[in-house]
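See structure below.
Atom set for the values below is all heavy atoms of this structure, side chains included, hydrogens, waters and symmetry mates excluded. Labels below follow one simple rule: chain letters A, B, ... track the order of the sequence lines, proteins then strands, and each chain is numbered from 1.
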Amino acid sequence: MGIKVQLPDNSVVEHPAGIRPIDIAEEISKALAKRAIGAKVDGKLWDLTRPLDSNCELRLILEKDPEAPHFFRHTFSHILAQAVKRLFGDSKVKLGIGPVIENGFYYDFDIGSTRFSEDDLARIEEKMRKIIEEDLPVERFELPREEAVELMKEKGEDYKVELIQELESDTATFYKQGDFVDLCRGPHASSTGAVKYFKLISVSGAYWRGDERNAMLQRIYGTAFSKKAELEEHLKMIEEAKKRDHRKLGPQLGLFGFSSAYAPGMAIYHPKGTVVLNELMRFARELHQAHGYEEIDTPLVMNEALWHKSGHWDHYRENMYFIEKDEQKYAIKPMNCPGHMLVYKADTVSYRDLPLKLFEFGRVHRYERSGVLHGLFRVRGFIQDDAHVFCTRDQMEAEIEKVIEFVSLTYEPFGFNYRAELSTRPENFMGNIESWELATQALKNALDSSGLEYRVNEGDGAFYGPKIDFHIKDSLGREWQCATIQLDFLMPVRFELTYIDPDNREVQPVMIHRAIYGSIDRFFGIIVEHFGGAFPTWLAPVQAKIIAIADRHADYAWSVASILKKKGLRVEVDDRQRSTNYKIREAQMNKIPYMLIVGDMEQSSGTIAVRLRSETDLGSTPLEEFLDNVLSEIRNRSLESPFE
RNA sequence: GCCAACGUAGCUCAACCGGCAGAGCGGCUCAUUCGUAAUGAGCAGGUUAUGGGUUCAAGUCCCAUCGUUGGCUCCA
């Protein structure tokens, strides 16, 4: 019986059933067969050696194809498991799961009370290289569920047994390479010799199936690429990321610090960091004012009763801090919404007042488990640029569109790429399905008309409403969640919010909860890493450093400083008795945008010698010319210096 | 919270098998007056995270606490 196989160039070849993609590749050319790592059959990833048994479309996956890493990374994870079994004993090692992840793979192991050490990684790597050298063929086979369970029981693979028993299909797929057999959906490279460049990265604990009630397994992470250069670039990127780490740069540049003994999880902003924070807030404030938001300020500490009413007591208590005084119980706010409710309710609202937009730089505190704290990215106290838009149902979609536009305006001066995610109704939702449908559709429509790239996360919304999250891609390609737009069905009900409609009836408003920076602290951390500490001039804590060459230039340096300061520039004078080289080096390492060097020449001609942190030396420049350019650079919140 | 590693001067890191806590940078003082990434000399700086234990002797070994770092479904 023949089957018809359609190739990407639309040609169709006929072969007997059972032919393998690798055979077809060889028929086309030996070289092609050698370069192929896998195949795609009717859109599904397929092993090169897995027989084709019906008419299909076939595409070979070469090293350069985006699907290629899936094949070899998955095989790497099996080689890792095989190496661990060889080193620590087949019967001692129980396997968890070993999937492909971005840039690499991992495998979870249960090896009893033994722990992998960092040194073990080198030994395991060595053993892996040996398995690659052995060039073991990777073979796929299927077993009926019962037999599959038998096989895994026999091998003492308790976790695999659990997985098979939960399978939906009647058969389980296995892959075998030499003495190693693993339950696996596949696909894989066709032999252990077909994979090349990898490195084991780290070892850590991981709960079986990510549930902390389950056993703690040990996870080994690895990274793998098809080209050596790619692997090296990835490793270099990790190094680069370390250099840009805001936890390192922050203290180094005098921006902020942490007092782990006295305030774990709370950032302490020093003068320079506070300048940046204030600039971020000034920018946000300008935008909010221009877009019809009214700024408010609500208390940090409010009576516990408020939090019962808002529902936070029921749903968020674990993350809240409490205080008792005068036999009254108070909570430190973890969110700003209840405070905003009080502002809304202070007056009778007319439909003419809508949309009503209340905005606050709200400082919130949330208890986070010690293990999840991470620099400024995950803290226990932070400031949100938080606002609530109250509007009618008819206004809802237009208002969401405006917020999406607002996100783009806010991110523009930072040069970020970002994308959105829409999260829809979860299982434990509140309210009725119709409003959920309506709201989700409104979010979707607004996203569609924005032209923004977005992904849908079904069932990932908050219990009180659907939401859009925005993820910023930084200069190293890593993503961070910042802005969020959430519809809240719960709060207007709990606080009995109303407005008076044209027919003089009380109607419940729609409430949109949104933050653009999200947490200003996290956003700060992101831009520290994004710019590697070299902030655009409008954000730089010190915008210009005036460097006097010798003592006799100090007065002139200070007079230049005073002129610049009067124009609102943030300047410092360095008239210390150090060499010019020393002072330039220091300013350079502090990533100050402009170094203004003044000596005899400048003093006599009333100029300044401008050096950029990019090391460009502009030479003597009239003060006016410098000022005009820098002031407009700052006013425009430019990313680039006008002198570049 | 859980698993692992770690915690020595402001920072980066030494201190062998348990035997006098040290260096560079930074800071301060003095000399030097310097033209685009480090001038030289000197001085100060420590209850080795905290608390307990073992020992003639603890930064080092043991226990506890606190903190930091990497991770804790990207679902065979």
[N] phosphate, OP1 or OP2, under 4.0 Å from [X] side-chain N/O:
X: A:Arg611; N: B:rG35; result: no
X: A:Tyr221; N: B:rC72; result: yes
X: A:Ser579; N: B:rU39; result: yes

**Study point:** Syn or anti for B:rC72 (syn when the glycosidic angle lies within 90° of 0)
**Key:** anti
Short side-chain donor-acceptor distance under 3.5 Å, [Y] and [X]:
X: A:Asp47; Y: A:Tyr175; value: yes
X: A:Gln588; Y: A:Arg611; value: yes
X: A:Glu458; Y: A:Thr424; value: yes

Side-chain donor/acceptor contact of [X] with base of [N] under 3.5 Å:
X: A:Asp551; N: B:rU33; result: yes
X: A:Tyr367; N: B:rG1; result: no
X: A:Glu602; N: B:rG35; result: yes

Between [options], spot the one nearest the side chain of [X], thanks.
X: A:Arg585; options: B:rC72, B:rA38, B:rU33; answer: B:rA38
X: A:Ala206; options: B:rC72, B:rG35, B:rU39; answer: B:rC72
X: A:Gln588; options: B:rA37, B:rC3, B:rU39; answer: B:rA37
X: A:Ile584; options: B:rC74, B:rC2, B:rU36; answer: B:rU36

Which part of the nucleic acid, if any, lies within reach of [X] when heavy atoms closer than 4.0 Å are counted: base, sugar-phosphate only, or nothing?
X: A:Glu615; value: base
X: A:Val372; value: base
X: A:Asp600; value: base
X: A:Asn581; value: sugar-phosphate
X: A:Ile97; value: sugar-phosphate

Review point. A:Tyr106 ring centre to A:Arg219 NZ or CZ under 6.0 Å, with the angle to the axis within 45°?
Key: yes
Point to revise | Row check, A:Tyr321 ring normal vs A:Arg366 NZ/CZ: under 6.0 Å, within 45° | key: no
Check your understanding: Do other residues, nucleotides or ligands put more than 12 heavy atoms under 6.0 Å from A:Lys591 NZ?
Key -> yes
Review point. How long is the line joining CD of A:Gln252 and C1' of B:rG26, in whole Å?
Key: 12 Å
Check your understanding: In whole Å, what is the span from the CD atom of A:Glu318 to the P atom of B:rG1?
Key -> 13 Å
Practice item. Could you work out the separation of B:rA14 and B:rG1 based on their P atoms and round it to a whole Å? Key: 29 Å
Check your understanding: C1' atom, B:rA38 versus B:rG26: distance in rounded Å?
Key -> 12 Å
Practice item. Could you label the plane-to-plane angle of the A:His70 and A:His74 rings as parallel, tilted or perpendicular, counting under 30° as parallel and over 60° as perpendicular? Key: perpendicular
Exercise for review: Hey, can you tell me if A:His78 and A:His188 have their rings parallel, tilted or perpendicular (30° and 60° cut-offs)?
Suggested key: tilted
Revision key, fill the gap. Here RNA chain B, pairs taken as Watson-Crick or G-U under 3.5 Å and shown with ( ), [ ] when crossing and | when to another strand, reads (((((((..((((.....[..)))).(((((.......))))).....(((((..]....))))))))))))....
Protein-nucleic acid N or O pairs under 3.5 Å, nucleotides 68-70 of chain B:
residue, atom, partner, partner atom, Å
B:rU69, OP1, A:Arg247, NH1, 3.4
B:rU69, O3', A:Arg247, NH1, 3.3
B:rG70, OP1, A:Arg247, NH1, 3.0
B:rG70, OP1, A:Arg247, NH2, 2.7
B:rG70, OP2, A:Arg247, NH1, 3.2
B:rG70, OP2, A:His374, ND1, 3.3

Could you go over nucleotides 5-7 of chain B and give all protein N or O partners under 3.5 Å, atom names and distances?
none

